[in-house]
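Have a look at the structure below, then the notes.
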There are 2 protein chains.
Amino acid sequence: MSREIIKKEINNQLNPNISVDCVIFGFDGKELHVLLIDRENELKNVVSAHALPGNLVYDHENLNMAAERVLKELTGLTSIYLEQFGAFGDPDRIKKKEDQPWLKSVRTNPNARVVTIGYYSLIRMSDYELNPSSFAKFAKWIPLKEILNLPFDHFKILNSSIEYLRSNTKIRPIGYNLLPEKFTLNEMQKLYEAIFNKKIDNRNFRRKIINLDVLDKLAEKQEGVAHKPATFYKFNVVKYESYIEKGFFKFEF
Amino acid sequence: MSREIIKKEINNQLNPNISVDCVIFGFDGKELHVLLIDRENELKNVVSAHALPGNLVYDHENLNMAAERVLKELTGLTSIYLEQFGAFGDPDRIKKKEDQPWLKSVRTNPNARVVTIGYYSLIRMSDYELNPSSFAKFAKWIPLKEILNLPFDHFKILNSSIEYLRSNTKIRPIGYNLLPEKFTLNEMQKLYEAIFNKKIDNRNFRRKIINLDVLDKLAEKQEGVAHKPATFYKFNVVKYESYIEKGFFKFEF
DNA sequence: TTACTTAATGTCATTTTAACGTTTATGAAT
DNA sequence: ATTCATAAACGTTAAAATGACATTAAGTAA
């Protein structure tokens, strides 16, 4: 009976050894941004104040669930598809002097070794509203190119997520699960250009993505834009999954 | 003083919440094998007795180091390049009834939630000798196609590693870091065929891999083979790294 | 109505890909 | 020494894909 009470309490505690960090890429049609939080009790150094949203995991949570919860708790973002990109477990990652104040103020066991599982997503910034809470004082979109330094090993985690995003984007078209359900090809092209930091010819891009035959062209077009309205497309689920499955049999590198 | 003693003891303890599992692919020129261990105190069911080599992590270890240690302790394999492919953290993954006996006999805290980081490698089987020890009674190469079931979520982990290997192989030529330093193109081709489970035309393969211009053709040839001896190749490090860097700027999917 | 802005589109030369069979060079057996 | 078996190495052709390039179409704002 008293054993059972102890067990329930354990399940409601954050595990001091396991955390998740979320890299949320935001796109505004021009460049990639990353969602960072300002945490309470930070030093005055504005640059290093920004951190990836992250926190410890409950023992009853699977990792994906934990990432969604943490993201919601710190930034207010919900209903976002999160994909795991790696684990970070250097014991020294929490030993930087400048990171100690925050650790000591927020963690019950600030000296515990922490393994962090990284999750990432990609969203259209204008579709979401940020609501920072818990130990997140602010939540902001920072242009990726302006991020030069982050606390702990967050800069390393960020770079790993970029690399993962790029690798994935080379294997399959970007957007499935990540972009909004309907999108314009121009939006998609600009996203590719932002990810690879390279200009792509529009005619070539359209030919290639359309020839993949994984998109459905909608009847709907943009409205209220001071230029020719673009047509919306969406992924055809059956065709996309067939393309992915077939992909394994195609010899290429 | 007594604090310091306590600290050192903690660092020498296995962390009950964090483990690593190793998926070692072995290649014999025909098909992929996976290195599995038979563990002590197993049930008689031979199929489910096999498991991936894995164990808990020390708090002073980074994850890669831990994977190398665990692999060495359980199988005797050393000097193997290990690459991380994912984290597995479903709280229910250790709750299968048939897995309890082993957990209880080997783990000091068999009910702790465990997050496992998966590492994989690919080796030429004939280059290594297995030496099982610790709780590994046997270590064996099992053909990948014969593996239908594994304890815990090891089958899921195995499938994830295969998928990761395939994805990587679509982005860059296989072998760098993984294959032995020198290898024949025929060996490489057969490896591709094994990974993708698809026949590849030799002429097409050779043209493509050679045109990548990341390999150096050696003067050395096979010896003691009852057929025309194949020429050895090796990766040219400078060219390979240049190819990888350039790859990011190439628009393709 | 005009100006501005961006969406959508096709052609051509070059490169890459998919499909296909024969010659060459070893070790083993006779 | 010769034969056999085995796999290594190799080129051609038609089709598909790629890279480079500019003009017309459709909305809003002035």
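Just so it is clear, the structure is predicted and the values come from calculations on it, not from any experiment. Just so it is clear: chains get the letters A, B, ... in the order the sequence lines come, proteins before strands, and each one is counted from 1.
- A donor-acceptor pair under 3.5 Å is absent between the side-chain atoms of A:Arg124 and the main chain of A:Pro180, judged by distance alone.
- Within residues 183-190 of chain B, no residue places a heavy atom under 4.0 Å from DNA chain C.
- Remark: A:Thr231 is in phosphate contact with C:dA8, judged by side-chain N or O atoms under 4.0 Å from OP1 or OP2.
- One interatomic measurement links the two molecules: CD of A:Glu223 to C1' of D:dA26, which rounds to 13 Å at whole-angstrom precision.
- With hydrogens and angles left out, the side-chain atoms of A:Asp90 and B:Asn62 include no donor and acceptor closer than 3.5 Å.
- Classification of B:Glu68 and B:Lys72 as a salt-bridged pair fails, no side-chain N sitting under 4.0 Å from a carboxylate O.
- Side-chain proximity of A:Pro229 to the nucleotides D:dA26, D:dG11, D:dA9 is greatest for D:dA26.
- Aromatic ring orientation, B:Tyr120 versus B:Phe25: perpendicular (interplanar angle above 60°, classes split at 30° and 60°).
- Cation-pi geometry between A:Lys140 and A:Phe138 is met: the NZ or CZ atom falls under 6.0 Å from the ring centre, inside 45° of the normal.
- Positionally, the nearest nucleotide of DNA chain D for B:Ile210 lies more toward the 5' end than for the other of A:Arg203 and B:Ile210.
- Rounded to an integer number of Å, the gap from B:Phe232 CZ to C:dT26 P is 14 Å.
- Taking atom CD on B:Glu220 and atom C1' on C:dA25, their separation rounds to 17 Å, with Å as the unit.
- Under 3.5 Å, the side chain of B:Arg207 and the base of C:dT15 form no donor-acceptor pair of N or O atoms.
- Residue-to-nucleotide contacts include a donor-acceptor pair under 3.5 Å from the side chain of A:Asn204 to the base of D:dA20.
- B:Ile200 has its CD1 atom 12 Å from the P atom of C:dA19, to the nearest Å.
- Each of B:Asn202 and A:Lys228 has a nearest nucleotide on DNA chain D; the 5'-most of these lies closest to B:Asn202.
- In this structure a side-chain-to-backbone donor-acceptor pair under 3.5 Å is missing from B:Thr184 to B:Ala230.
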**OP:** Test B:Tyr192 against B:Phe205 for ring-ring contact (aromatic ring centres under 6.0 Å, His included), laying out the working first.
**Re:** CA-CA 10 Å; B:Tyr192 267 88; B:Phe205 178 81; 5.5 Å; yes
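- With respect to B:Glu193 and B:Lys198, no salt bridge is recorded, no charged nitrogen being found less than 4.0 Å from a carboxylate O.
- Residue A:Asp201 has its side chain nearest to D:dC21 when only C:dT17, C:dA8, D:dC21 are considered.
- Salt-bridge formation is detected for the pair A:Asp213/A:Lys239: a Lys NZ or Arg NE/NH1/NH2 atom is positioned less than 4.0 Å from an Asp or Glu carboxylate oxygen.
- Counting only heavy atoms from C-beta on, B:Arg206 has its side chain closest to D:dC10 among C:dA7, D:dC10, D:dT6.
- Rounded to whole Å, atom P of D:dA16 lies 12 Å from atom CG of A:Asn211.
- Between A:Phe235 and A:Tyr243, the distance from one ring center to the other does not fall under 6.0 angstrom.
- B:Gln222 has its CD atom 9 Å from the C1' atom of D:dA7, to the nearest Å.
- Put simply, NZ on B:Lys208 is 17 Å from P on D:dA16, counting in whole angstrom units.
- As a whole-Å value, the separation of B:Lys221 NZ from D:dA7 P is 18 Å.
- Relative to the axis of its first five pairs, the axis of the last five pairs of the helix from C:dT1-D:dA30 to C:dT30-D:dA1 sits at 10°, rounded to 10 degrees.
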